[in-house]
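Below: one structure, written as structure tokens.
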Protein chains: 2
Amino acid sequence: MEDTMTTHILTTRANFIDFMGHALEGNGMPPIAGRILGLLIFDGEPRSFSDLATELGVSRGSISANARALVQRGSIIKVNMPGDRQDYFQLADESFCVLLQTIATRMRSTSQAVQGFASELPDDATPHKRLDGLAVFFTAMADGIENAAKTLNQRC
Amino acid sequence: MEDTMTTHILTTRANFIDFMGHALEGNGMPPIAGRILGLLIFDGEPRSFSDLATELGVSRGSISANARALVQRGSIIKVNMPGDRQDYFQLADESFCVLLQTIATRMRSTSQAVQGFASELPDDATPHKRLDGLAVFFTAMADGIENAAKTLNQRC
DNA sequence: ACCTGCGTTCAGTTAAAATTGAACAAATCA
DNA sequence: TGATTTGTTCAATTTTAACTGAACGCAGGT
């Protein structure tokens with residue numbers, strides 16, 4: 001009974017980790033980054049570098065690269081345990097907010113880029129208007145996402 | 001002078017098309033789809049199937065596949081010109097709105113999926129809470145994006 | 001000093017995605 | 001009918017991204 005329960009949780013855990021791998025793949029991140037994030041979200045507590053490699057069944061090189069990318073994005077943080085020189089990783093408190101901010105920022109820079117193209121064109125040219133419209137579109141999207149961040153009532 | 005102007009516009013056009021190719025690449029679409037979209041946004045008017053292949057310098061097979069994908073997404077529409085049996089494509093009026101709706105929908109389904117994983121876990125388990133939080137996150141994002149769509153005062 | 005464990009790096013490999021190009025069917029025209 | 005044009009399909013190819021694994025430097029431990 002206890003075992004059944006545990007098994008079910010472990011199955012769910014594995015499925016969730018797998019799911020996150022695919023989900024973040026669709027957002028321009030490598031699958032393993034998604035799996036690391038999924039594992040850390042699920043477990044909540046710090047996990048060691050080696051554990052990640054072992055549990056996910058991937059090379060240490062992969063953990064190194066992908067964990068670094070996640071740290072850089074602010075999704076996870078690296079922590080040190082006293083008397084243990086391994087690196088540990090855990091979900092960042094502001095993880096989700098950071099994710100939103102990252103996306104919003106990307107939208108804004110895209111908007112700016114499009115605006116740049118528009119400004120190259122004569123004001124009366126119809127492409128100018130359309131590119132302007134596209135720039136507005138990206139800005140609106142950035143606004144919407146940042147707004148969502150605030151809605152989450154966390155510090156963003 | 002006239003020539004300089006035209007050249008500059010053409011250069012900007014080429015750069016914009018190229019930019020869109022890269023931009024949509026980051027959103028999970030093939031580069032050529034982005035370039036087709038960029039070309040149609042810039043030009044505004046219908047362009048023929050063959051023109052797309054010629055101007056973008058890619059195979060007809062690629063135009064066929066990518067244009068179809070864009071049509072299916074609702075970003076562009078296929079139109080027919082009287083007395084010309086070629087297929088023409090042009091930017092859909094609701095192009096940008098559709099883009100937002102697509103993203104919002106994906107967010108909601110992701111949220112639901114995560115919620116599904118959460119429901120597999122006992123209510124008192126801490127992973128349950130975290131997955132719930134993640135689901136809320138995706139919902140908030142979907143809301144934010146749909147809100148942005150409405151802000152654009154177009155019919156969405 | 002030597003050994004062991006840890007994380008990084010990067011050249012090589014593998015796997016996945018995108019694109020090509022030739023074959024094809026349908027439609028048009030002479 | 002036969003020749004042409006048009007868009008689709010799919011197997012082969014190219015391109016790109018991701019991953020591996022061995023070599024390396026660094027820290028501690030014995």
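In the text below, chain A, chain B and the rest are named by the order of the sequence lines, each starting its count at 1. Side chains are part of it too, since the values below use all heavy atoms of this structure and drop only hydrogens, waters and symmetry mates.
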Among [options], which nucleotide sits nearest the side chain of [X]?
X	options	result
A/Ser62	D/dT8, D/dC19, C/dA18	D/dC19
B/Glu25	D/dA17, C/dA18, D/dT6	D/dA17
A/Ser59	C/dT9, D/dA17, D/dG21	D/dG21
B/Arg60	D/dT6, C/dT19, C/dC6	D/dT6
A/Ser64	C/dA18, C/dT9, D/dT9	C/dT9
A/Phe49	C/dG7, D/dC19, D/dT8	C/dG7

Quick one: [X] [atom1] to [N] [atom2], roughly how many Å, whole number?
X	N	atom1	atom2	value
A/Asn66	D/dA18	CG	P	9 Å
B/Asp51	D/dG7	CG	C1'	15 Å
B/Arg68	C/dA18	CZ	C1'	14 Å
A/Asp87	C/dT8	CG	P	6 Å
B/Arg85	C/dA26	CZ	P	14 Å
A/Lys78	C/dG7	NZ	P	8 Å
A/Leu56	D/dC19	CG	C1'	13 Å
A/Ile32	C/dA15	CD1	P	13 Å

Quick one: closest heavy-atom pair of A/Ile103 and B/Met141, and the distance?
CD1-CE, 3.3 Å
For B/Asp84, report the nucleic acid contact type (base, sugar-phosphate, nothing); a contact means any heavy atom under 4.0 Å.
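It contacts nothing in the nucleic acid.
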5′-ward residue of the pair A/Gln86/B/Ala65 relative to DNA chain C
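The residue closer to the strand's 5' end, by nearest nucleotide, is A/Gln86.
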Could you pick out which residue, A/Ala33 or B/Gly61, lies toward the 5' side of DNA chain D when each is mapped onto its nearest nucleotide?
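Checking each residue's closest nucleotide, the 5'-ward one belongs to B/Gly61.
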Using 4.0 Å as the upper bound for N to carboxylate O, is an ion pair formed by B/Asp123 and B/Lys129?
no
Go through the side-chain N and O atoms of A/Ser95 and A/Ser75 and say whether any donor and acceptor fall under 3.5 Å apart.
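There is no such pair (donor and acceptor under 3.5 Å, judged by atom type) between the side chains of A/Ser95 and A/Ser75.
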Side chains of B/His128 and B/Asp132: do they bring a donor and an acceptor to under 3.5 Å?
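Yes, side-chain donor-acceptor contact under 3.5 Å.
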Give the ring-plane orientation class for B/Phe96 versus A/Phe137, where under 30° counts as parallel, over 60° as perpendicular and anything between as tilted.
tilted
